[in-house]
Amino acid sequence: MSTINEARSARETFTELYEEFLPKVFRYIRYRVNSVQVAEDLTSGTFEKALTNFTRFSSNKASFSTWIFTIARNTVIDYYRVHGRRPMVSLEKAEIDVSSPELPPDEAVEKQEEREKLQECLSGLSREEQELVSMKFGSGLNNRQIAGVTGLSESNVGTKLYRAVRKLRDSFPEAKNAQA
Amino acid sequence: MPRHKREEQDFLENIERLIAGEEASIGEDADEDLRTAIEFSRRLSDLHTGPSVEFKDKLKSRLLMKLTEQENAARQRVEKNWFRDILDRLVPESPVWRTAAVTLVMIFAVVTVMWRTGMFTGVSSPVADVVESAQRGVEKGVFTAEAVVEEAEATDAAPLVGLSEEIPAPASTLEAAIVSLFDMQVTPSESTIAEYRHEVSYQLTFSNTSDETIVVTPFPPRFTIACEGTLRPVRILTESDQSREVGALASIVYVFTWDQRDDDDTQVPADWYTVYPGTVTVTGSGESWMVDFPPLPRILVQSP
């Protein structure tokens with residue numbers, strides 16, 4: 001029966017980690033790319049790589065969150081290496097994001113427009129700033145976890161994140177109008 | 001603490017609150033820059049929602065399927081290592097010895113196969129006769145599963161279904177005999193889609209691929225049926241307390257039937273199920289080996 005137990009144990013462990021980290025990884029990637037479809041493809045790729053190398057993962061060396069986000073980050077970098085940076089608006093507008101089905105249609109459209117603008121502004125940040133904002137607001141990682149993935153110090157993460165958010169705020173159309 | 005550091009600290013504490021779903025706490029004396037940065041963070045944290053349920057479920061089932069494939073591949077690698085271990089024990093590590101030993105084994109295997117198929121004498125060997133008669137038998141229906149195997153439903157009194165019978169097996173190569181003394185073939189070999197409340201059957205052919213009589217304990221082995229959705233075993237079919245002798249190059253056919261009921265005698269819900277055969281001990285020539293079998297092809301119990 002040891003074979004069955006071992007098989008079940010590997011399945012249970014992976015399933016538990018999948019349930020916990022899939023939403024976080026998806027949201028991180030979703031903040032980094034401008035299409036739901038691409039975000040789903042890259043999330044699938046991330047978890048397939050994780051599964052293939054699951055036996056090599058050692059919790060003594062790094063936490064699972066550091067490990068999986070390192071894979072996700074590299075997957076996004078590889079994606080942009082192959083596809084290059086493209087204009088951000090066209091794809092997003094083609095998709096209908098039904099993330100707020102409870103809102104009235106006009107509010108939903110307004111919300112969607114705001115999302116598009118934010119996403120556009122986000123793409124104007126440097127890659128490092130985008131990563132910090134995505135890990136913090138997309139995945140809800142704490143600064144220590146972000147430091148583990150990016151290689152920055154914990155205090156540096158905080159400083160850069162504060163700077164990135166203010167930069168993003170200033171590039172947002174409403175903020176520009178207010179300044180004008 | 002310098003003012004900009006204090007602001008930064010204030011900002012970080014507030015976004016942690018926002019991410020945790022709490023309200024931000026901005027002091028009266030906070031300047032406009034900090035206040036608007038925190039307000040803007042609220043918008044950022046609402047930017048995108050999580051993955052769709054459909055995507056999540058599809059990816060999960062694809063990954064679990066991949067995990068099963070990886071487990072099967074690992075099992076096969078272990079079997080190959082077993083062959084290598086035997087080679088390591090029998091033959092010194094020198095490349096010359098290794099080459100000589102492998103050459104000898106191959107020559108022996110080729111000569112054996114040729115002799116057994118009657119190529120030297122022009123007269124068919126006993127094994128060739130057996131194969132030929134087995135083929136004739138199948139054509140006539142003599143050795144079909146219906147003819148040699150009686151099926152019974154899985155009940156508490158007879159937890160595992162089926163009665164087994166020996167039938168001759170085809171001759172195998174020497175390598176196969178060493179690598180896999182006790183092999184299992186499953187029919188059907190692909191996943192099965194079963195209607196709700198309908199029995200599912202697999203014909204398992206256990207073959208002794210060696211030239212010697214072996215004893216298998218226990219036979220039939222234990223079978224564990226696990227639900228892939230919940231990852232829990234739903235039914236354990238207890239192993240027999242009997243051993244079974246299998247002659248040289250002979251096979252035992254066993255029909256495994258599951259009535260879609262769990263250990264509480266309740267119909268299982270629609271889902272994917274996997275059947276894991278238990279480990280058996282094979283004894284022959286005074287030695288014993290533990291043999292693990294791969295899971296049977298998956299079963300999809302359809303919705304009622």
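Chain A is the first sequence line, chain B the second, and so forth, proteins listed ahead of strands; every chain is numbered from 1. From a predicted model like this one, the values you see are computed outputs, not experimental measurements.
In this structure, B/Arg62 and A/Ser44 approach most closely via the heavy-atom pair NH2-CB, 3.3 Å.
A/Glu19 has a carboxylate O that lies under 4.0 Å from a charged side-chain N of B/Lys60, or vice versa, which qualifies the two as a salt bridge. Salt bridge present: B/Arg42 and B/Glu39 bring a charged side-chain N and a carboxylate O closer than 4.0 Å.
With sequence neighbours left out, A/Tyr18 forms a side chain to side chain donor-acceptor pair (under 3.5 Å) with no residue at all.
Residue B/Leu12 touches chain A through its side chain alone, counting heavy-atom pairs closer than 4.5 Å. In this structure, the portions of A/Lys136 lying under 4.5 Å from any heavy atom of chain B include both its backbone and its side chain. B/Glu16 touches chain A through its side chain: at least one heavy atom from C-beta onward sits under 4.5 Å away, while N, CA, C and O do not. With a 4.5 Å cut-off on non-hydrogen atoms, A/Phe26 touches chain B through its side chain but not through its backbone. If you measure heavy-atom distances from B/Leu34 to chain A, the contacts under 4.5 Å come from both the backbone and the side chain. Both the backbone and the side chain of A/Leu168 come within less than 4.5 Å of a heavy atom in chain B. Heavy atoms closer than 4.5 Å to chain A are found in both the backbone and the side chain of B/Thr68. When heavy atoms are compared at a cutoff of 4.5 Å, A/Thr15 approaches chain B solely by way of its side chain, counted from C-beta outward. Only the side chain of A/Val133 comes within contact range of chain B, with at least one heavy atom under 4.5 Å from a heavy atom of that chain.
Of all residues spanning residues 63-76 of chain A, none has a heavy atom less than 4.5 Å away from chain B's heavy atoms.
The distance between the ring centers of B/Phe223 and B/Tyr276 does not fall below 6.0 angstrom. Ring centroids of B/Phe219 and B/Tyr254 are separated by less than 6.0 Å, placing the two rings close together.
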- Task: Take B/Trp258 and B/Tyr273 through the ring-ring contact (aromatic ring centres under 6.0 Å, His included) test and state the conclusion after the steps.
- Result: CA-CA 11 Å; B/Trp258 177 41; B/Tyr273 292 87; 5.3 Å; yes
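To the nearest 0.5 Å, atoms CD (B/Glu7) and NZ (B/Lys5) are separated by 12.0 Å.
Here salt bridge (charged side-chain N to carboxylate O under 4.0 Å, His left out) pairs that include residues 150-161 of chain A, with residues two or more places apart or in two chains, are A/Glu128-A/Lys160, A/Arg144-A/Glu154. Residue pairs meeting the ring pair (Phe, Tyr, Trp, His ring centres under 6.0 Å) criterion with at least one member in residues 141-166 of chain A, sequence neighbours excluded: A/Tyr162-B/Phe11.
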